[in-house]
Amino acid sequence: MGKWFSKLYDPVMEPLERLKFRYIRETLIHKAKGNVLEIGSGTGLNFPYYTQAVKVTAIEPDPTMRKKSLKRAEHARVPIDVILADAQALPFPEHTFDTVVGTLVLCTIPNPEKALNEIRRVCKPGGHVLFFEHVRAEHSLLGRLQDWMTPVWKRVCNGCHLNRETLETVKKAGFTIVHVEKHNNGILLMIEALNEK
Ligand SMILES: C[S@@+](CC[C@H](N)C(=O)[O-])C[C@H]1O[C@@H](n2cnc3c(N)ncnc32)[C@H](O)[C@@H]1O
């Protein structure tokens with residue numbers, strides 16, 4: 001992982017956070033209940049918004065990002081542990097979590113299908129998944145622009161793909177979609193789904 005990316009993540013994100021992301025994070029994260037898993041928690045930008053969780057276990061494979069998140073974990077309203085781990089091979093037994101959260105992460109994980117299968121395994125039957133993701137636009141011209149930009153974008157932004165069709169991938173993994181909220185011409189999605197087994 002590029003160290004510069006981890007170090008510059010918070011300042012680079014700040015304008016977007018102010019404009020829209022903070023509102024989305026707050027709305028989504030507030031819904032996380034019970035024993036919660038957050039995948040790819042980065043610098044912990046979601047941590048201030050957990051209000052209903054009993055406990056949060058966050059996993060993050062980048063040591064620099066994990067380290068940055070520890071201060072936010074300390075100041076959170078609920079207990080948060082941050083573990084170095086990969087969402088494609090989660091180190092937890094099946095049916096452990098009531099809610100699984102992921103924000104701006106399925107765009108970056110090398111094999112999102114594998115990660116979603118792991119999430120399905122560790123999430124309790126009837127448990128909730130909450131995602132906030134940027135996706136490929138439905139608008140064909142914008143979608144093609146995202147396709148065109150992705151090879152370079154991926155290199156600069158630590159593997160982030162601009163053109164993944166994440167809602168479809170979540171459905172294909174077997175989750176039942178409960179609610180989708182679209183922002184910015186459908187490029188940003190808030191997804192709530194159930195792990196019905
Ligand atoms: C764009 S950042 C988003 C960070 C944070 N979730 C947020 O909303 O600000 C993408 C995150 O995905 C993490 N990531 C990349 N590959 C991963 C994997 N295989 N498993 C879990 N997290 C991963 C990165 O380390 C990084 O923290």
Side-chain angles (χ1 to χ4, degrees), residues 1-32 36-50 53 56-73 76 80-92 97 99-123 129-135 146 149-150 152-164 166 169-170 173 183-184 187-191:
M1 299 249 169
K3 262 200 171 176
W4 71 266
F5 183 84
S6 322
K7 285 193 174 149
L8 292 180
Y9 188 73
D10 284 354
V12 167
M13 292 294 279
E14 182 56 24
L16 292 171
E17 294 291 333
R18 267 198 222 179
L19 209 65
K20 180 64 82 53
F21 288 10
R22 240 168 241 166
Y23 157 76
I24 294 179
R25 289 182 195 280
E26 188 166 12
T27 309
L28 193 73
I29 302 303
H30 172 67
K31 296 179 181 175
V36 175
L37 170 67
E38 180 174 339
I39 57 156
S41 52
T43 59
L45 289 172
N46 292 326
F47 293 175
Y49 305 115
Y50 285 103
V56 178
T57 305
I59 64 127
E60 170 53 49
D62 179 333
T64 311
M65 284 222 171
R66 176 187 174 269
K67 200 170 164 197
K68 276 178 159 267
S69 73
L70 295 179
K71 207 161 233 153
R72 288 199 172 104
I80 302 182
D81 271 346
V82 192
I83 295 168
L84 275 175
D86 182 340
Q88 299 162 128
L90 290 169
F92 309 109
F97 298 100
T99 310
V100 181
V101 169
T103 63
L104 308 175
V105 68
L106 291 171
C107 54
T108 300
I109 292 174
N111 187 334
E113 291 83 3
K114 204 168 175 186
L116 285 163
N117 286 339
E118 277 293 85
I119 291 170
R120 228 162 119 62
R121 180 182 68 77
V122 302
C123 187
V129 294
L130 304 170
F131 294 118
F132 159 41
E133 294 291 338
H134 64 79
V135 298
Q146 289 171 299
M149 285 173 67
T150 289
V152 176
W153 188 266
K154 244 181 0 185
R155 287 184 173 219
V156 180
C157 298
N158 251 12
C160 170
H161 295 67
L162 290 171
N163 60 347
R164 282 190 172 162
T166 298
T169 315
V170 172
H183 293 266
N184 295 55
I187 289 179
L188 299 176
L189 299 185
M190 261 201 265
I191 303 168

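For ligands, and for the atoms within them, numbers begin at 1 and follow the listed sequence.
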For ligand 1 and Y9, I'd like to know whether there is a polar contact (N/O to N/O, distance under 3.5 Å).
yes
First locate atom NZ of K67, then atom CD of E60, and finally report the distance between them rounded to the nearest 0.5 Å.
14.5 Å
Does any N or O in the side chain of R121 come within less than 3.5 Å of the main-chain N or O of F92, such that one atom is a donor and the other an acceptor?
yes
If you count the atoms of ligand 1 from 1 in the order shown, which ones are under 4.0 Å from a heavy atom of T108?
10 (C), 15 (C)
Using distance alone, determine whether P61 and ligand 1 share an N or O pair under 3.5 Å.
no
Donor-acceptor pair, distance only, cut-off 3.5 Å: does the side chain of Q88 make one with the backbone of K114?
no
Does some non-hydrogen atom of I39 fall short of 4.0 Å from ligand 1?
no
Indicate yes or no for a side-chain donor-acceptor contact from E38 to the backbone of T103 under 3.5 Å, with no hydrogens or angles considered.
no
Rounded to the nearest 0.5 Å, what separation is found between the CZ atom of F21 and the CD atom of E14?
12.0 Å
Give the atoms of ligand 1, by number and element, whose distance to some non-hydrogen atom of A87 is under 4.0 Å.
18 (C), 20 (N), 21 (C)
Atom indices of ligand 1, in the order listed, that fall short of 4.0 Å to a heavy atom of V105:
12 (O)
Does T103, backbone or side chain, put an N or O under 3.5 Å from an N or O of ligand 1?
yes
Which of these, Q88, K114, R25, E60, has its nearest heavy atom closest to atom 24 (C) of ligand 1?
E60
Of all the atoms in ligand 1, which lie at a distance below 4.0 Å from a heavy atom belonging to G42?
4 (C), 27 (O)
Side-chain (E118) to main-chain (L90) donor-acceptor, under 3.5 angstrom:
yes
I want to know if ligand 1 touches D86 in the polar sense, i.e. an N/O pair below 3.5 angstrom.
yes
For K20, I'd like to know if atom NZ has over 12 heavy atoms of other residues, nucleotides or ligands within 6.0 Å.
yes
